[in-house]
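Protein chains get the first letters and strands the later ones, always in sequence-line order, with residue 1 at the start of each.
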Amino acid sequence: MNDKEKLLSVEDLKIHFPTDEGIVKAVDGVSFDLEAGKTLGIVGESGCGKSTVGKGILNILEKPGRIVGGSIYWNSDGNKVDLAAINPNSPTMRSVRGSEIALVFQEPMTSFSPVHSVGNQIIEMIMLHKDMNKKEAKEWAMELFDMVGIPNASTRVNNYAHEFSGGLRQRAMIAMAISCEPKLLIADEPTTALDVTTQAQILDLLQELQQKHQMAMILITHNLGVVAEVCDDVSVMYLGRGAEKGPVDSIFHDSKHPYTKGLLESIPSINSAQGERLKSIVGTIPAPFNRPNGCTFHPRCPSSIKGVCDTYTPKYLPLNNEEKVSCFLHHDPEKEVV
Amino acid sequence: MTQIDDKNNILEVKNLTKYFPIKSGFFKRLVGNVQAVDDVNFNLIEGETLGLVGESGCGKTTASRCVLRAVDPTSGEINFRTSDGNTVDMASLNSRELRPIRKEIQMIFQDPFSSLNARMTLLDIVGEPLLVNGVSNRDERLERVSELLTLVGLRPEYMQRYPHAFSGGERQRIGIARALALNPRVVVADEPVSALDVSVQAQVINLLMDLQEQLKLTYLFVAHDLSVVKQISDRVAVMYVGKMVEIASTKKIFEKPLHPYTEALLNAVPVPDPRKRKSEKKHLSGEVANPASPPSGCYFHPRCPYAQDICKTTKPTLEEVQPGRFVSCHRAKELDLTGIAK
């Protein structure tokens with residue numbers, strides 16, 4: 001993959017939250033690339049920083065969080081812009097945000113304003129980014145409702161968020177996100193709040209829209225089943241760091257990092273046998289102020305090397321063209337420490 | 001006279017119904033009912049795990065809370081065989097008569113953050129059921145609490161700490177210890193792992209399975225995650241809009257479901273293996289029906305790909321089509337549905 005084809009390339013991104021109790025390193029060195037039209041899955045458990053990465057790309061971090069290092073190169077019609085270096089309120093950022101990169105939130109109930117109709121909220125966004133008057137914008141909004149499968153679009157645009165069911169609300173959220181035909185859609189746990197049958201419908205819809213509009217997608221989730229169904233590439237995160245990255249097949253069938261292996265073994269699969277004991281990862285996720293030294297996973301890692309993993313932090317290095325891993329089982333501890 | 005039909009059963013639920021009234025206007029006139037649980041039958045065999053599954057709003061939580069009498073049922077029977085061999089209809093008892101039985105049926109909650117009082121230490125939380133039930137000697141309580149904490153894999157030295165010092169998985173263990181304090185025979189677990197991270201989920205599921213073996217517990221396991229249910233359950237009961245649609249052994253229901261809704265539910269679960277991506281997708285359209293105004297006939301007919309005219313007019317009943325297999329579908333015998341391939 002050469003630089004021209006890359007739509008987005010995140011390099012060594014660091015996002016910290018300075019608080020009274022200390023610095024929370026929510027994201028502490030994450031790198032990945034994304035080609036146009038492809039889907040990247042970012043997986044990890046709670047507190048691993050996966051949602052912060054999504055918000056960091058759009059620079060809509062909650063205070064006091066800010067990008068303290070690394071770069072986010074965005075290919076905007078051939079111009080390479082580093083989104084990490086520009087002012088979050090600058091005109092360039094505002095033109096990218098929403099129109100070129102759009103975001104779908106996890107909780108569709110709290111993401112819509114309860115006092116404006118859903119249609120008006122979408123119309124507002126269309127008029128901000130597109131050269132349309134209100135009438136045209138409303139027609140476009142109704143067309144979008146049809147596209148995402150909301151029935152009776154002409155009456156539904158005037159409804160408020162509370163009048164929609166969970167599934168419909170998420171569809172409206174997606175309609176809003178694709179209203180400016182973005183090149184990249186970031187979906188942050190888009191189906192976590194939904195039932196399985198609705199989840200299947202929403203994932204189908206996302207894939208269908210992606211194919212139709214040649215949109216790239218970053219799917220942030222903790223559900224490995226969803227990742228396996230939808231993604232082309234996967235990036236696994238643990239405590240703010242990239243643990244492993246690669247094509248979906250090699251992540252699931254030939255995973256390199258002990259954390260990925262542990263995660264895959266610990267999920268009950270609908271295909272696995274009944275009554276079988278699950279293998280679990282020992283211990284729990286450490287608190288944000290109490291990160292272990294060395295490789296942050298070493299206290300829970302079954303193949304941790306004494307004197308190496310507990311002292312040195314492994315670098316996030318490529319194994320081959322497609323895969324990257326940060327683990328001393330694959331790299332030489334003598335040379336490749338941070 | 002209440003009695004249990006099968007001596008292997010510890011609990012039998014018959015025609016259980018729970019309606020929540022909808023009141024409106026100045027005079028709070030009754031304008032309708034939310035039929036949360038509508039004429040549901042199931043039984044718990046001693047020592048088994050029955051998984052109760054369904055989507056949000058299907059009444060699985062209400063049904064499980066009726067079993068505990070945390071919610072009072074509108075009608076129906078809940079026959080429970082107590083430890084001294086008598087059978088009682090829990091639905092008809094008053095709160096005083098219920099008190100001795102409450103010891104035998106306990107609950108594990110979904111959210112380990114809101115179900116533990118932040119101002120109580122572990123000793124107080126786990127020891128409270130003991131205190132309420134007459135263990136007034138502090139040393140005795142201390143000993144039992146440390147025994148319980150060891151049982152669920154926590155260190156007894158932690159008993160003077162407060163819940164905030166523990167992670168989600170550890171808190172869920174505290175909730176389990178509290179549920180086990182009075183040596184219950186039946187444990188109702190309402191989504192006990194859905195709030196936990198995957199790596200921790202596995203630890204808690206394993207713990208629940210170990211405890212069942214050690215203490216000969218019977219579980220009513222309420223969950224929406226079919227993969228978890230498959231792991232832990234001996235039998236599975238599926239609910240849809242307040243109705244029981246299918247009950248069968250886990251193996252049978254996953255291999256070959258008999259109800260179209262069960263089939264749809266199984267097919268909607270994403271499989272964590274990119275090599276098993278479904279080439280042909282048969283996903284349900286539409287949304288779950290409103291339990292305040294359910295459709296005519298079979299509640300599932302507007303979404304069912306196999307619906308015929310009879311489904312629109314006549315309500316199906318839960319029938320035993322094979323020994324131990326109950327299904328509520330007019331076309332159960334003729335349909336050939338697919339489950340999860342091995």
Top contributor to chain A interface from B:Ala264, B:Pro274, B:Gly286, B:Ala202 [non-hydrogen pairs under 4.5 Å]: B:Pro274
Contact listing (chain A partner; residues 161-177 of chain B; heavy atom under 4.5 Å): B:Ser167
Any side-chain heavy-atom pair of A:Asp249 and B:Arg275 under 4.5 Å: yes
B:Thr49 versus chain A, the contacting section by heavy-atom distance below 4.5 Å: neither
Selection from B:Asn206, B:Leu284, B:Val198 maximising heavy-atom pairs under 4.5 Å formed with chain A: B:Asn206
Heavy-atom pair count under 4.5 Å with chain A, highest-scoring of B:Val271, B:Thr250, B:Leu226: B:Val271
Flag if over 12 foreign heavy atoms under 6.0 Å of NZ, A:Lys256: yes
Exercise: do A:Thr198 and B:Glu287 side chains pair donor with acceptor under 3.5 Å: no
Over all atoms of both residues, closest heavy-atom pair of A:Leu278 and B:Gln231: CD2-NE2, 3.6 Å
Validation row: A:Glu229, B:Val269 side chains within 4.5 angstrom (heavy atoms): no
Proximity breakdown for B:Asn267 and chain A, heavy-atom pairs closer than 4.5 Å: neither
Test item: A:His222 and B:Asp197 side chains (from C-beta on) under 4.5 Å apart, heavy atoms: no
B:Glu157, CD: over 12 other non-hydrogen atoms inside 6.0 angstrom: yes
Neighbour count >12 (heavy atoms, 6.0 Å) for atom NZ, A:Lys38: no
Enumerate donor-acceptor pairs with a distance under 3.5 Å from any side-chain N or O in residues 232-240 of chain A to protein atoms, sequence neighbours excluded.
from	atom 1	to	atom 2	distance (Å)
A:Asp232	OD2	A:Thr39	N	2.8
A:Tyr238	OH	A:Arg300	NH1	3.3

Pairs of heavy atoms under 4.5 Å with chain B: top-ranked of A:Val196, A:Leu203, A:Val282: A:Val196
Side chains of B:Ile205 and A:Arg277 in contact at under 4.5 Å (non-hydrogen atoms): no
Backbone of A:Ala228 reached by a side-chain donor or acceptor of B:Arg277 within 3.5 Å: yes
Heavy-atom contact with chain A under 4.5 Å, split by part of B:Gln201: side chain
Contact origin within A:Val227 toward chain B - heavy atom pairs under 4.5 Å: backbone
Contacting region of A:Ile281 [heavy-atom separation from chain B under 4.5 Å]: both
Engaged part of A:Ile251 at the chain B interface, taking heavy atoms whose separation is under 4.5 Å: neither
Heavy-atom pair of closest approach, residues A:Ser280 and B:Ser199: CB-O, 4.0 Å
Contact summary for B:Ala268 and A:Thr197, nearest pair of heavy atoms: CB-CA, 3.9 Å
Pairs where residues 191-210 of chain B contributes a residue and the test ring-ring contact (aromatic ring centres under 6.0 Å, His included) is met, not counting sequence neighbours: none
Beyond-backbone contact of B:Pro270 with A:Gln199, side-chain heavy atoms, under 4.5 angstrom: yes
Interface residue of largest heavy-atom contact number with chain B, from A:Ala287, A:Gly167, A:Cys231, A:Gly262, under 4.5 Å: A:Cys231
Reported OG-to-CG distance for the pair B:Ser227 and A:Asn223, which is rounded to 0.5 angstrom: 8.0 Å
Residues of residues 55-64 of chain B near chain A, each having a heavy atom less than 4.5 Å away: B:Glu55, B:Ser56
